[in-house]
Each structure stands twice: as C-alpha cells, then as structure tokens.
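Here the structure comes first, spelled out in structure tokens, and everything after it is commentary.
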Amino acid sequence: MSRFSGVLQLTDLDDFITPSQECIKPVQIQKTKTSTGAKIRIQEDGDYYQVEEDGSAFKLQKVEITLSDCLACSGCITSAESVLVTQQSQEELIRVFEENKALKLAGKTSEAKLIIVSISIQPILSLAVRYNLTPNECAARLAQYFKQLGADLVVDMTIADDFALLESQREFVRRYRSTENDGVKNVLPMLASSCPGWVCYAEKTHGSYILPYISTTKSPQQIMGSIIKHWVGHNLGDRPIYHVTVMPCYDKKLEAAREDFFDVNTDSREVDCVITAIELEQMLDKDRISLDSLAESTFSEPWLIKQEPTEVKPNLTCHLGSGSGGYSDHIFKYAAKELFGVEGVNLEYKTLRNQDFKEVILEKDSKVLLRFAIANGFRNIQNLVQKLKRGKSTYHYVEVMACPAGCLNGGAQVRPKDGVTVKELSMQLEKMYEKLPIKSPEENVLVKDLYENWLNGQESDKCQSVLHTQYHEVQKNTNALNIKW
C-alpha cells in the first residue's frame, strides 16, 4: 500500500461539506401487493397516496431525518442545516413560546415551562455588526427580544466558557504528566473538543484512532446545559426547563442532539433547542423588527442565589486569545507555569502554511518544552490528522475548529452585506472581540462557588460527570445504495 510522502499536503478540500448520496435512512413501509403494481397520487398539498385497484387510497408516511439519525450515520460530516430538523428549528421554538403563553393566559403557570435562553458571545458580535450596535447594546436588545417572545430568563455564557477553559487546562496538565511519568501513549497531543463539526468528523472518519487525543471536557454549550438543567433547575423550583442556546454554528444542533447529553432523570436534553445568529436575523425580519429599534433589557444570573434571579445589565468580556474561546493561549500559559514554573509568557504565534494554521513554542536552553497550534478549517484539520497517523506530529496541544477563522466566522453567523467579503467581516468581528475587556476565568467567583458548593471540588466524581463527556466511533455502513461508481 502506498503512503503519503513527507511533503504531500492535502489542499483541494472544502471546509463546508454537504450531505452526499450516503445520506440515507432505511424505512420499512407496509404496502399492499397488487398484480398491476402500486399507483401513487400526489395531492396539491404535497402528500403522497397509494391508490389500490378498488379505487381506495391511503396516505404514505413521510420520512423525517432527525439529528440523532445524522449522528448515527457515517455519510456526511457537517452541514446539519441541510437536513430536516424537527426539534431544532425556528418553528419549534416559536411553537414552545406560544404554547407557554397560552398556558399562562389560562392561569396555568405551574404547567408552563421555564424558558431560559443562553447567548454566546460570537452571535452577539455578529448581530451587533448587522444592526450597527455595540456588543453590550446588542446583548441588551436580544434579551428584550427573547423576553417579548416569552423567555423567562436570558443569560450570557461566560460561566460556561470559564468552566471549559479551567477544565481543559487541568486535563492537559494531567495528560502531560501521565505521559511523562507512566509512558502512556495516545494522550498527546490533546485536541480541542469544543467544535462539534470537528468532533463529528473525527468520530465518523477516523474513529478509535483519533478519539483518544480529543479532550474530554464538554463544550461551553453543554456545560451551560448542565448548569441550567441541574443547578438552576434545583434552585428555581419544579417547573420543567426548556433551555435555548444562541450559537454561531449549525453543528451545535448536532451536539445538543447527542444521546450523551440526554438526562434520564429530567427526561430531557441539556439543551432543548439551538438557534443561530442567521436564524435570529430571519426571525427578526419575519416579525418586521429591527434589533436596533428595541428597548434594552437585562441578563439574569440565576445561579447566584436560591430565590429570585439577579438582573444585571450586559457587561460582555472576552478571553485572551482567539475568538473561538482562547483555548490555546490559556492552556499554554497555565501549562508553562504548572509544568515548568514559567510565568508571564508572551505568546507569539508563527503563521505556517496559511493564516488558519499557526503555532507557538515555549523554549528553554534551546529545548522545546511546549509546542501548541491553532488549526482552523478542514484543509488544515486533514493535514493535522495525516501527520498524527504517520507519527509526525510534534504538538502537545492543538486548538481545532472546523470553520476557517474559527467560531467568529461560524457557518451560521450573519452573512456579509453591501459588498463586504467574508474575510473583511471576519476581521471586523475579531477587532470587535479584542476590544472587549479581557477577563481571566480564574477571576470568576461564581465558578469557584459552584466548584465548591455544587460539584464538591475539582477532583470529585460529580465534577467529572458534569463537565466531561465521551466520544464514539461511528462504523461505516456499506450497502448497494451508497456505492459511488
């Protein structure tokens, strides 16, 4: 068998992959056998009917593809937006809002859901540019819009972002020390786990070979889901919680649909519905609302106390490093201090093949102590994977994101307007992000409180179960329908 040469690089690759002919869901349909064969009649409303010999007809069942079907299939990789999604749509969200309003109007508030909306920073910035608002103005108006729709609480996701960074830092140091002391293999480089497009790709195409490298720390979205469904749900009463997240990526819908994130105790998912920036823009346009015309409202902080949530004005911050969360920067600085006693590291990234692949190195006495990288886009991901398979990777950690330029350029961010290119818009979002006040996750007193009073310490079994997850190899199915000739 031939192998890749040391200089061969994969370049002709798409970063956004659409469903292929392998996107198939086998369905058994009961049909009556006839001597002349079945006749199908299509109604004006698009329904299909099978017509029998005696003139009678019965309606044929429609086949729906759910996100769970996508995760169990090895056909396509990303582009969850291209398949039929029943529980992750604007229509489903509006239906839940309207159903809740009807119950409250009927005096049945106890039967209504407690609707909580968690908004991540990337779609806030995307919509801020779209409506010419500052980030805090945009966040305040989004809070007002969701409350008009019927949301009970609107929160930002800083607490979940901080948990994800702190857990990733500790996980990396544990892996490094384990490899150094015990000779354990297949734990480094540690690869970021916050991008569901990348995780789904790894599960479906490289399986058990790549999965051990991926960090087990949950993404901020799913950490937020755990906080909302368990901590907040326990504190704010017995009403069932309907948790909505606002994200920059369609693949976050896939992530929310994973069976690993279904809680049998609450009989619900940690995240019930994911809405993206571009879908919010569509909802606003449909309602003939311009976001900049709305009044400003507040965010809630329901995890602070066990009575009524505290309302605060949005005061957005950013993390040191990339707009995808700054994983590489934070883990690098933490590891330099914990492993080698080096503090105050000045991170200077070196661009390699392209702007979406860069590395940073910590050296001492001409010896490389740490080598980290940021790899965005499937072209760079493929090259990274090939190096890993050939044993040629020299990295200790890689921040991996499926979208070129990372999460600020997520596939579900608002599209450029008025002749602005994608690259120009991405740079604008990066500058807006970098202008926000920088806040270290170690400074978050809420996180410290939850570690101590909810998770029973950072090394507890509960902390592991709430903040970490697992991955699953998806076996490739081969049948006559998906053979490509």
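Quantities reported herein were computed from a predicted structural model and do not represent experimental measurements. FYI, the numbering just counts along the sequence from 1.
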Checklist entry - Which is it for Lys439 and Asp161 under the salt bridge (Lys or Arg N to Asp or Glu O under 4.0 Å) test, yes or no, and what are the steps along the way? => result CA-CA 11 Å; Lys439 191 171 183 180; Asp161 293 332; over 6 Å; no
Should the pair [X]-[Y] be classified as a salt bridge under the 4.0 Å nitrogen-to-oxygen rule?
X	Y	answer
Asp260	Arg258	yes
Glu434	Lys431	no
Glu259	Arg269	yes

I'd like to know if the side chain of [X] reaches the main chain of [Y], judged simply by a donor and an acceptor atom lying under 3.5 Å from each other, with no hydrogens or angles considered.
X	Y	result
Glu399	Tyr327	yes
His396	Phe372	no
Asp356	Ala405	yes
Lys462	Trp454	yes
Asn136	Leu316	yes
Glu137	Thr134	yes
Glu92	Ser89	no
Glu171	Thr216	yes
Ser215	Ser193	no
Tyr471	Ser208	no

Taking all atoms of both residues into account, what is the closest heavy-atom pair of [X] and [Y], and its distance?
X	Y	result
Val414	Leu425	O-CD2, 3.5 Å
Cys403	Asn409	CB-O, 3.9 Å
Leu153	Ser300	CD2-OG, 3.4 Å
Met432	Leu133	CE-O, 4.4 Å
Asn453	Trp231	O-CZ3, 4.3 Å

Are [X] and [Y] close enough that a side-chain donor and a side-chain acceptor fall under 3.5 Å?
X	Y	result
Asp162	Asn444	yes
Glu443	Ser440	no
Tyr334	Glu442	no
Ser226	Lys218	yes
Asn132	Asp292	no
Tyr349	Asp329	yes

Do [X] and [Y] have side chains that get closer than 4.5 Å, going by heavy atoms?
X	Y	result
Cys407	Cys249	no
Asn354	Arg379	yes
Val173	Gln169	no
Ser322	Ser328	no
Phe340	Val345	no
Met224	Val155	yes
Trp198	Ile210	yes

Next on the checklist: Does Glu348 have more than 12 heavy atoms from other residues, nucleotides or ligands lying within 6.0 Å of its CD?
Outcome noted: no
Next on the checklist: Looking at Asp461, I'd like to know if its CG atom is crowded, meaning that more than 12 non-hydrogen atoms belonging to other residues, nucleotides or ligands lie closer than 6.0 Å.
Outcome noted: no
Item to check | side-chain hydrogen bond (donor to acceptor under 3.5 Å, both in side chains) partners of Ser118, counting only residues at least two apart | outcome: His243
Next on the checklist: Please evaluate residues Tyr201 and Val400 with respect to the criterion side chain to side chain contact (heavy atoms under 4.5 Å, CB included), reporting the C-alpha separation (whole Å), side-chain torsions for both, the decisive distance (0.1 Å), and the verdict.
Outcome noted: CA-CA 12 Å; Tyr201 163 77; Val400 185; over 6 Å; no
Next on the checklist: Set out, in order, the CA-CA distance, both residues' side-chain angles and the distance that settles side chain to side chain contact (heavy atoms under 4.5 Å, CB included) for Ile227 and Ile159, then state yes or no.
Outcome noted: CA-CA 9 Å; Ile227 294 172; Ile159 190 170; 4.1 Å; yes
Checklist entry - Step by step, would you call Tyr145 with Met283 a side chain to side chain contact (heavy atoms under 4.5 Å, CB included)? => result CA-CA 10 Å; Tyr145 178 62; Met283 290 167 63; 3.5 Å; yes
